[in-house]
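Beneath this line is the structure, given in structure tokens, with notes to follow.
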Amino acid sequence: MENHNAPTLETERLILRKFTENDIEALFDIYKDEEVNTFLPWFPLKSLEEAEKFFKDKYIEAYKQSKGYKYAICLKADNIPIGYVNVSIEENHDLGYGLRKEFWHKGIVTEACRAVVKQVKKDGFLYITATHDINNPRSGEVMKQLGMSYKYTFEEQWQPKDIRVTFRMYQLNFDGQNVRVYKEYWNKYAVHFIESDI
């Protein structure tokens, strides 16, 4: 059986591929920056040793599965990771992304996400979701550029940072069933509501 885990994808400017052991330093550069990681569900990495453990825990284990979508974003010029795109194979099919800040505002994350979204659609996913902190509206703009629609907002005591965060949840249905809304966060968290003019 073919192992369909993060097959390499290419776009006009990018190569999307698995992280490897040779990428530890580049991975550290992505995950160590406090500003880049402000809105992400982990603390910035402090050392190459932490980066190595993070790689083993978050990527090596995921790559052992028969299917998965945990990608390094690399420029074609040098094939060195500058960010990542993930789509969860759990029921939420959550899309997540991050990029070193010197590459912000160049459309790189949107370009990378479009390629991965195209792949999961091809692989039979019916939908994807994504959430962003209301204090990080630029992330929401990426979701809109991908054709995702705002569905609802919820408050969560976010771990491991243990802070109160208000999230907006977006969704894109691939099969035209636009009434389908992933409701797990709505049902799980007591504070939830629908904002207007998003």
Side-chain angles (χ1 to χ4, degrees), residues 1-33 35-37 39-42 44-45 51-52 54-132 136 138-148 170-174:
M1 179 179 164
E2 179 190 2
N3 186 303
H4 199 73
N5 192 314
T8 299
L9 307 172
E10 288 195 23
T11 69
E12 184 181 349
R13 296 181 289 175
L14 308 172
I15 296 171
L16 305 171
R17 60 167 176 82
K18 291 182 175 79
F19 281 98
T20 73
E21 289 189 351
N22 296 325
D23 297 323
I24 298 298
E25 200 165 320
L27 187 139
F28 180 50
D29 285 340
I30 296 164
Y31 284 98
K32 73 181 181 182
D33 188 293
E35 189 175 354
V36 170
N37 290 282
F39 300 106
L40 299 175
W42 43 69
L45 300 179
E52 197 165 327
F54 189 88
F55 169 68
K56 287 176 181 172
D57 292 346
K58 300 287 185 183
Y59 288 98
I60 289 289
E61 289 306 310
Y63 292 149
K64 290 177 182 175
Q65 307 303 314
S66 61
K67 180 183 274 193
Y69 304 92
K70 284 185 175 285
Y71 283 97
I73 301 173
C74 309
L75 295 175
K76 283 184 173 176
D78 56 18
N79 198 25
I80 295 172
I82 58 171
Y84 61 85
V85 178
N86 304 323
V87 176
S88 171
I89 57 173
E90 303 296 325
E91 187 185 358
N92 57 18
H93 301 321
D94 180 62
L95 170 71
Y97 38 81
L99 188 72
R100 280 170 46 193
K101 68 179 174 216
E102 57 263 48
F103 297 100
W104 288 0
H105 315 313
K106 301 176 189 295
I108 288 172
V109 161
T110 303
E111 185 175 327
C113 286
R114 281 201 177 110
V116 177
V117 169
K118 183 178 177 183
Q119 184 66 43
V120 299
K121 179 180 179 181
K122 177 182 164 188
D123 291 346
F125 282 33
L126 296 179
Y127 61 90
I128 56 169
T129 70
T131 60
H132 76 86
N136 186 23
R138 282 191 177 274
S139 188
E141 290 305 312
V142 171
M143 295 169 196
K144 290 175 186 175
Q145 287 175 37
L146 295 172
M148 304 185 79
Y170 281 72
Q171 185 165 332
L172 174 60
N173 295 319
F174 298 127

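- With a 6.0 Å radius and a threshold of 12 heavy atoms from other residues, nucleotides or ligands, K56 has its NZ atom at or below the threshold.
- Taking 4.5 Å as the limit, some side-chain heavy atom of T8 sits within range of a side-chain heavy atom of I15.
- L75 places a side-chain heavy atom less than 4.5 Å from the side chain of L14.
- In this structure, CG in L172 is found 9.5 Å from CG in L95, a value given to the nearest 0.5 Å.
- The aromatic rings of F125 and Y69 stand perpendicular to each other, their planes meeting at an angle above 60°, with 30° marking the opposite boundary.
- Note that the CZ atom of R100 and the CD1 atom of I82 stand 7.0 Å from one another [nearest 0.5 Å].
- For the pair H93/V120, no side-chain contact is recorded, criterion being any heavy-atom separation below 4.5 Å from C-beta on.
- Within a 6.0 Å radius of NZ in K118, no more than 12 heavy atoms belonging to other residues, nucleotides or ligands are found.
- Under the 4.5 Å side-chain criterion, counting only non-hydrogen atoms from C-beta, W104 is in contact with E35.
- Between Y97 and I73, every side-chain heavy-atom pair lies at or beyond the 4.5 Å cut-off.
- Put simply, the side chain of P7 reaches to within 4.5 Å of the side chain of Y71, judged on heavy atoms.
- Using a 4.5 Å heavy-atom threshold, the side chains of R17 and P81 count as touching.
- Atoms CZ and OH, from F19 and Y63 in turn, are 6.5 Å apart once rounded to the nearest 0.5 Å.
- Note that NZ of K32 and CZ of F54 are 15.0 Å apart. Values are rounded to the nearest 0.5 Å.
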Test log, rule side-chain contact (heavy atoms from CB on, under 4.5 Å), inputs I128 and F174
CA-CA 8 Å; I128 56 169; F174 298 127; 4.0 Å; yes
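- With rounding to the nearest 0.5 angstrom, the OH atom of Y170 is 9.5 Å from the CE atom of M148.
- Side-chain polar atoms of H4 and Q119 form a donor-acceptor pair below 3.5 angstrom.
- In E25, the CD atom is not crowded: 12 or fewer heavy atoms of neighbouring residues, nucleotides or ligands sit closer than 6.0 Å.
- The distance from the OG1 atom of T131 to the CG atom of N92 is 8.5 Å, given to the nearest 0.5 Å.
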Would Y59 and N86 satisfy side-chain contact (heavy atoms from CB on, under 4.5 Å), going step by step from the backbone distance to the final call?
CA-CA 10 Å; Y59 288 98; N86 304 323; 4.2 Å; yes
